Amino acid sequence: MKFIIRAALLLTAFAAIFLAACSGPKNTPDGVAVAFIERSYKGDVNGAMSLVHLPDSSKPGKTEMAQGKMKAMIAKAREKAESQGGMEEITVQSSEIDADDPNRARVALKVRFKQGEGMEKVRLIQVEGKWKIFVSAGF
């Protein structure tokens with residue numbers, strides 16, 4: 001009986017660790033910004049796009065055009081990372097919630113590649129309790 005209890009506890013612990021690891025980025029401006037840039041440089045279009053808030057548009061085709069532009073930007077990011085030998089590390093340089101609107105934030109990131117480094121600035125918006133990459137209607 002003790003074996004079954006121990007096995008159940010061990011299984012529960014492994015399940016908790018697995019779920020925490022697979023749950024995605026932290027729902028913070030920093031966590032979402034890092035995850036978006038990391039996924040972009042790796043060329044994970046679907047993963048990066050899942051972190052983007054595209055505003056609804058009343059004009060036909062506007063949302064699709066914004067999605068197309070975002071996908072092109074992600075492809076360029078992957079090319080950049082590959083041309084510099086791949087991405088090694090992303091660190092948050094600054095993170096700031098907008099004083100006038102607590103649902104908006106800016107995050108500055110330093111990206112280290114195998115052959116150089118770069119900076120990325122990301123704007124975010126909180127929508128329905130989740131932080132997302134902000135893309136303006138005018139893009």
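Count residues from 1 along the sequence. All values below come from the heavy atoms of this structure, side chains included, with hydrogens, waters and symmetry mates left out. Keep in mind that what you see is a predicted model, and the values were worked out from it rather than measured.
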Can you measure from CG (Asp98) to CZ (Arg123) and round to the nearest 0.5 angstrom? 11.0 Å
Not counting sequence neighbours, which residues clear side chain to side chain contact (heavy atoms under 4.5 Å, CB included) with Arg112? List them please. Glu88, Glu89
Nearest 0.5 Å, please: how far is CG in Leu51 from NZ in Lys130? 10.5 Å
Under the salt bridge (charged side-chain N to carboxylate O under 4.0 Å, His left out) rule, collect the residues that match up with Asp100, sequence neighbours excluded. none
I'd like to check the side chain to side chain contact (heavy atoms under 4.5 Å, CB included) partners of Ala77; sequence neighbours left out, ordered by chain and number. Ser40, Tyr41
Salt bridge (charged side-chain N to carboxylate O under 4.0 Å, His left out) partners of Lys42, counting only residues at least two apart: Glu38
Rounded at 0.5 Å granularity, tell me how far NZ in Lys132 sits from CD in Gln126. 12.0 Å
Return the minimal non-hydrogen interatomic distance between Arg39 and Ser50, and the atom names on each side. NH1-OG, 3.6 Å
Restricting to side chain to side chain donor-acceptor pair (under 3.5 Å), what partner residues turn up for Asn46, sequence neighbours left out? none
Could you name each residue pair satisfying side chain to side chain donor-acceptor pair (under 3.5 Å) that touches residues 71-86, not counting sequence neighbours? Arg78-Glu82
Within residues 65-97 or reaching into it, pairs that qualify as ring pair (Phe, Tyr, Trp, His ring centres under 6.0 Å) - sequence neighbours excluded: none
Tell me, do Ile74 and Met49 make a side-chain contact under 4.5 Å, heavy atoms counted? yes
With sequence neighbours left out, what residues match Lys110 under side chain to side chain contact (heavy atoms under 4.5 Å, CB included)? Thr91, Gln93, Glu117, Met119
Quick test of your reading: applying ring pair (Phe, Tyr, Trp, His ring centres under 6.0 Å), list the pairs with at least one residue in residues 78-107, sequence neighbours left out, ordered by first then second residue. none
Between the main-chain N or O of Trp131 and the side-chain N or O of Asn27, is there a donor-acceptor pair closer than 3.5 Å? yes
Tell me, please, which residues at least two apart from Val122 pass side chain to side chain contact (heavy atoms under 4.5 Å, CB included). Ala33, Ile37, Leu109, Leu124, Ile133
Is Met73 reachable from Met65 through a run of hydrophobic residues whose side-chain heavy atoms are each under 4.5 Å from the next? no
